Amino acid sequence: MSDRLLAGLNDQQLAAVTLPAQPALILAGAGSGKTRVLTTRIAWLITTRQASPQGILAVTFTNKAAKEMTARLSAMLPINTRGMWIGTFHGLCNRLLRAHHRDAGLPQTFQILDSADQLSAIKRLLKANGVDDEKYPPRNVQQFVNGAKEAGLRSGAVEVDDPYNRRMVEFYALYDAQCQREGVVDFAELLLRCYELLVRNEPIRTHYQQRFAHVLVDEFQDTNTLQYRWLKLLAGEHNAIFAVGDDDQSIYAFRGANVGNMADFEREFRVRNVIRLEQNYRSHGNILDAANALIRNNARRLGKNLWTSEGTGEPVRVFEAGSDGLEAAWLVEEVKNLVADGQARREIAVLYRSNAQSRVIEHALFNAGIPYRVYGGLRFFERAEIKHALAYLRLIENPADDTAFLRVVNFPARGIGARTIEQLADAAKTGGRSLAASVGAVAGKGGAHLAAFMQLIDSLRFETANLPLAEIVKATIGRSGLIDHYREDKEGAERIENLEELVNAAAAFTVEEGYAQDAAGTAADGAAALPSPLAGFLSHAALEAGENQAAEGQDALQLMTVHAAKGLEFHAVFITGLEEGLFPHENSMQELDGLEEERRLMYVAITRARRRLYLSFAQSRMLHGQTRYGIRSRFIAELPEGGLKWLTPRLREGSGMRFGAWHDASVRAAASAPEPAYGAAERNGLRIGQTVRHARFGEGVIVRLEGSGADARAKINFGAQGVKELLLAIARLETA
DNA sequence: TCGGTTCAGAGTATT
DNA sequence: TCTGAACCGA
C-alpha cells in the first residue's frame with residue numbers, strides 16, 4: 001500500500017515524506033514537487049497508521065491550494081478526507097471561532113468583514129469622531145490596524161512615541177470596540193481572536209494540541225508573525241510541524257510575510273531535519289541556469305540550487321524594443337509564430353511587474369485578434385450587486401451590522417437621504433446602540449421610511465426562518481427590490497444574472513459538518529450548535545471571494561502580474577518591461593531588502609517557464625502620461641551570458657556594437673529606435689532617448705537636454721546609479 | 001439624486 | 001494617460 005504511494009519519488013522527496021514525527025523544514029525549490037511531497041506525507045502518515053485523519057491539520061494561504069490538496073488526497077487515499085482539517089489560516093480560524101464563539105467573546109452569528117467592508121467601517125468611525133481624514137486617511141488607519149493585528153498586538157500593546165501614532169492607536173481601540181459592538185470581525189481579527197482564544201483557554205488549547213499530532217504548512221515563507229505564533233501554539237510541546245517553503249520565492253513581505261520565520265523555526269524547534277528539494281521537474285537547463293545565477297546575487301538566503309535531468313534546452317531570448325508599443329508589437333508577432341507552430345495559447349503567459357503595463361499589450365493583442373485573458377480584477381462576491389444582496393442577508397442574520405445596514409438602507413432608493421442617516425447615526429451614538437436599534441428615535445418622514453426598511457428586514461427574517469438557504473436568498477433579492485431595481489436599469493441584465501447565480505451558489509452550498517463535534521470534544525464548552533446555513537454561507541462569501549480571472553472559454557493567452565503567476569507554469573513565458581525603475585520597481589529601492597525581494601520576484605517569473613523564456617525591455621515607455629526613457633534592468637546583466645540569445649543588436653561595454661541574430665522583418669521594425677520625443681532635440685550630437693556610457697556611472701539613457709554652449713547639460717538615467725545631470729563640456733560621454 | 005466636472009495619484013495582493 | 005473619488009449644480 002505505502003509502496004505504491006512512494007513509487008516515483010526521488011531520494012529527497014522520499015526522505016521528506018517518510019521523516020519521523022519531528023519538526024521538519026522542507027526547502028522546496030520551484031517546480032520540485034512541493035505539493036506532491038506535502039500530500040504524500042499526509043497519505044503516508046495515515047496509510048502507515050502513524051496518524052489518524054483526525055490528527056492532521058494542513059494549512060495553506062489560498063482556498064485554491066487547500067482545494068488542490070484535498071482533491072489530491074482523495075485520489076490517493078481510499079478513505080474520505082472529512083476528518084482532516086485542511087484549509088486556509090482564515091478558514092480554520094473561522095471554524096475554531098464558530099465552535100467556541102462564546103469563549104472567544106463573539107456572538108454566534110458574528111459576520112466577517114472583507115477589506116472593503118473594513119475600510120467603510122473605518123471611514124464611518126472616523127466621520128463619527130469628527131476626524132480630519134486628510135490628516136488620517138482611512139486607508140492608513142486600516143493599514144495601521146491590520147499591521148498591528150498581524151504582529152499580534154492589541155491597541156494597548158502597541159508601542160508608540162509620537163502624537164500621530166498615538167492617535168492611530170486610539171482609532172485602533174475605537175475600531176475594535178465598534179466591531180465588537182456590531183458583532184463583526186475583519187480578516188486579521190479572525191487570526192488574532194483565534195490565537196488569543198488558544199492562549200487564554202487552557203482546556204481548548206490542550207484539546208487541539210492533543211488532537212493535531214501533525215501540523216503541515218504550505219508556503220511557509222509567506223507566514224506573518226501572528227500566523228507563526230499561532231502554529232507554534234497549536235504544535236505545543238510535542239506535535240510535529242512539517243513546514244514546506246522556499247525563501248527564494250518570498251515575495252509578500254509588503255503584506256506582512258516574514259521570511260525570517262523560516263530561520264526562526266529552524267532555531268526555535270531545533271530542527272534536525274532540513275531537506276532541500278532541488279531537482280526541478282519543470283524547466284529546461286538554460287532556464288534554471290538563469291534562475292540560479294540571478295538568485296545567487298541575493299545575500300540573505302538559506303541556499304539552494306535547482307537542477308534538472310533534462311537537457312539545456314533553448315537559450316533564453318532577449319529583446320530590446322524602441323518603445324513599449326514596439327515591445328507589444330514584437331510580442332504579438334512572436335505569439336503568432338508560436339501559435340502557428342501549434343502551441344496552445346493557454347500555455348503562453350505574458351508577465352509584467354505592474355497591472356498598468358497590461359494596457360499596451362492588451363491593445364496590441366486586441367488589434368491582432370489574439371484571444372487573451374487577464375488575471376485579476378473583480379471577483380464574484382465583490383460585485384456591487386452581490387455585496388448588496390449579501391448585506392441584506394447579513395442584516396437578517398445580525399441587525400447590529402451597521403456596515404451592512406448603511407450599504408442597503410437606501411438601496412434601492414427608498415427616500416432615506418443623508419440627513420436622515422445623520423440623525424440616525426446621532427441617535428445610535430447617544431444611545432450606544434446599533435443603527436437598526438435606533439430607528440425609532442428618528443421622527444418625521446425619514447423616520448417612517450426607516451421604520452418601513454426595518455419592517456422589511458424583520459419580515460424577511462421571520463418569513464424565511466425555516467426555508468432552505470437558496471429560498472432565503474431568492475426571497476431576499478426579490479423582496480429587497482434589488483431585482484426590480486436592476487430590471488429598470490439599462491445595463492442591469494448582467495447584474496440580475498449574477499443575482500440569480502447567487503441563488504445557485506446558495507443551493508450548491510452545504511455547511512461543513514464537524515463544527516458541533518469540534519466543540520463537543522472540549523471540556524470547556526458544551527456542544528455548540530451547528531451554525532445556521534445562512535451564517536455558513538456568509539462566511540463562505542467573505543472568505544472565498546470566488547474566481548478572479550476572466551471567464552474560461554476559448555484557448556487564450558494568459559496575461560498576469562508576476563505575483564499572480566506564482567505557483568503556475570507555462571510552456572512559454574514572456575517577462576516584459578524589464579527596465580530599471582519598473583522591474584526592479586523604483587519604490588522598492590526605499591525599502592529594507594527591497595531589491596532582494598524584487599530579485600526573488602524575477603526568480604519566480606523565470607521559473608514559471610517550462611521550455612521557452614523571453615525577456616524584453618523598451619527604451620521608452622509611456623508612464624503616467626509622460627514618455628520615460630529607461631535602461632534595461634540590472635537583472636538581465638545578472639544572467640549567464642552563454643545561455644542568452646539576443647534578438648536585437650546589443651550595445652557592448654567598451655567595444656562597439658555586436659549584432660545578434662536578426663529575427664525577421666517585424667522584429668527589425670520593432671527594434672528600431674524611437675522617434676525623438678519632441679522636435680529635433682539634438683545638442684552636441686546627442687538626442688533624448690539615446691544610450692550613452694559614462695566612465696563612472698556606466699550605461700545610461702538621456703532623459704533631457706538643457707542649456708547651450710558651455711552650459712549645455714544632459715540629464716541621464718543611469719539606472720542603479722540614479723539620474724544625474726551632467727555638464728557636457730566636462731563629462732566624457734561615449735556614444736555607441 | 002443624479003450626472004457631469006475636476007483633481008490627485010498612479011506597486012505587488014490573499015483572506 | 002487614465003482612473004477613481006470627491007464635489008457641485010440642476
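Everything numeric here is computed off the predicted structure, so don't read it as measured data.
If you take CG of L226(A) and P of dT15(B), they are 17 Å apart, rounded to a whole angstrom. Between the CD atom of E586(A) and the P atom of dA10(B) there is a distance of 11 Å, rounded to whole Å. Following rounding to the nearest Å, L595(A) (CG) and dG11(B) (C1') show an atom-to-atom distance of 15 Å. As rounded to whole Å, 6 Å separates atom P of dG11(B) from atom NE2 of H585(A). Going from atom CD of E150(A) over to atom P of dA13(B) covers 16 Å, rounded to whole Å. A straight line from CG of L97(A) to C1' of dT15(B) spans 14 Å, rounded to a whole angstrom. For the pair Q357(A) CD and dT12(B) C1', the interatomic distance rounds to 11 Å; values are reported in whole Å. Regarding Q143(A), its CD atom lies at a distance of 15 Å from the C1' atom of dT14(B), rounded to whole Å.
If R414(A) and S588(A) are placed on DNA chain B by their nearest nucleotide, the residue sitting closer to the 5' end is R414(A). Remark on DNA chain B: of its neighbouring residues A356(A) and I416(A), the 5'-side contact belongs to I416(A), judged by nearest-heavy-atom nucleotide.
Not a single donor-acceptor contact under 3.5 angstrom links the side-chain atoms of S115(A) to the base of dT14(B). In this model, no side-chain donor or acceptor of E597(A) finds a partner on the base of dG11(B) within 3.5 Å. With hydrogens and angles ignored, a donor-acceptor pair closer than 3.5 Å exists between the side chain of E598(A) and the base of dG11(B).
On the nucleic acid side, DNA chain C has its first and last nucleotide under 4.0 Å of a heavy atom of chain A at dT1(C) to dC2(C), going 5' to 3'.
Of the candidates dG11(B), dT15(B), dT1(B), the closest approach to any side-chain atom of R379(A) belongs to dT15(B). Among dT12(B), dA13(B), dT15(B), the nucleotide with an atom closest to any side-chain atom of Y252(A) is dA13(B). The listed nucleotides are dA13(B), dT15(B), dT1(B); the one nearest the side chain of A564(A) is dA13(B). Among the nucleotides dG11(B), dA13(B), dT15(B), the one closest to the side chain of T62(A) is dT15(B).
Ring stacking is absent between H563(A) and dA13(B), as the pair misses the limits of under 5.5 Å between centres and under 30 degrees between planes. F254(A) qualifies as a stacking partner of the dT12(B) base, centre to centre under 5.5 Å and near-parallel within 30°.
Residue pairs that meet the salt bridge (Lys or Arg N to Asp or Glu O under 4.0 Å) test with at least one member in residues 559-569 of chain A, sequence neighbours left out, are E219(A)-K566(A), D222(A)-K566(A), R282(A)-E569(A), E569(A)-R610(A).
Both tests hold for R98(A) against F110(A): distance to the six-membered ring centre under 6.0 Å, angle to the ring axis within 45°.
Aromatic rings of F171(A) and Y136(A) (six-membered ring for Trp) have centroids within the 6.0 Å cut-off, being under it.
Between R154(A) and E196(A) there is a salt bridge, since a side-chain N of the basic residue sits under 4.0 Å from a carboxylate O of the acidic one.
Y208(A) and H100(A) have perpendicular rings, their planes meeting at more than 60° on a 0 to 90° scale where under 30° would count as parallel.
Between the side chains of Q111(A) and N398(A), not a single donor N or O lies within less than 3.5 Å of an accepting N or O. For the 3.5 Å distance criterion, the side chains of N261(A) and T223(A) qualify, holding a donor opposite an acceptor.
For N587(A), no side-chain nitrogen or oxygen approaches OP1 or OP2 of dT12(B) to under 4.0 Å. The side chain of N410(A) contributes an N or O atom lying less than 4.0 Å from OP1 or OP2 of dT1(B). Remark: N355(A) is in phosphate contact with dT12(B), judged by side-chain N or O atoms under 4.0 Å from OP1 or OP2.
Looking at heavy-atom distances under 4.0 Å, E382(A) makes no contact with the nucleic acid at all. No engagement by D114(A) is indicated, since no non-hydrogen atom pair under 4.0 Å with the nucleic acid exists. At a threshold of 4.0 angstrom between heavy atoms, the contacts of R353(A) include nucleobase atoms, whether or not backbone atoms are also involved.
Shown are L559(A), I361(A), L351(A); of these, the side-chain contact (heavy atoms from CB on, under 4.5 Å) with T576(A) is made only by I361(A). For the side-chain contact (heavy atoms from CB on, under 4.5 Å) with L231(A), the lone residue among L226(A), V59(A), L57(A) that qualifies is V59(A).
Rounded to the nearest Å, the gap between the P atom of dT12(B) and that of dA5(C) is 16 Å.
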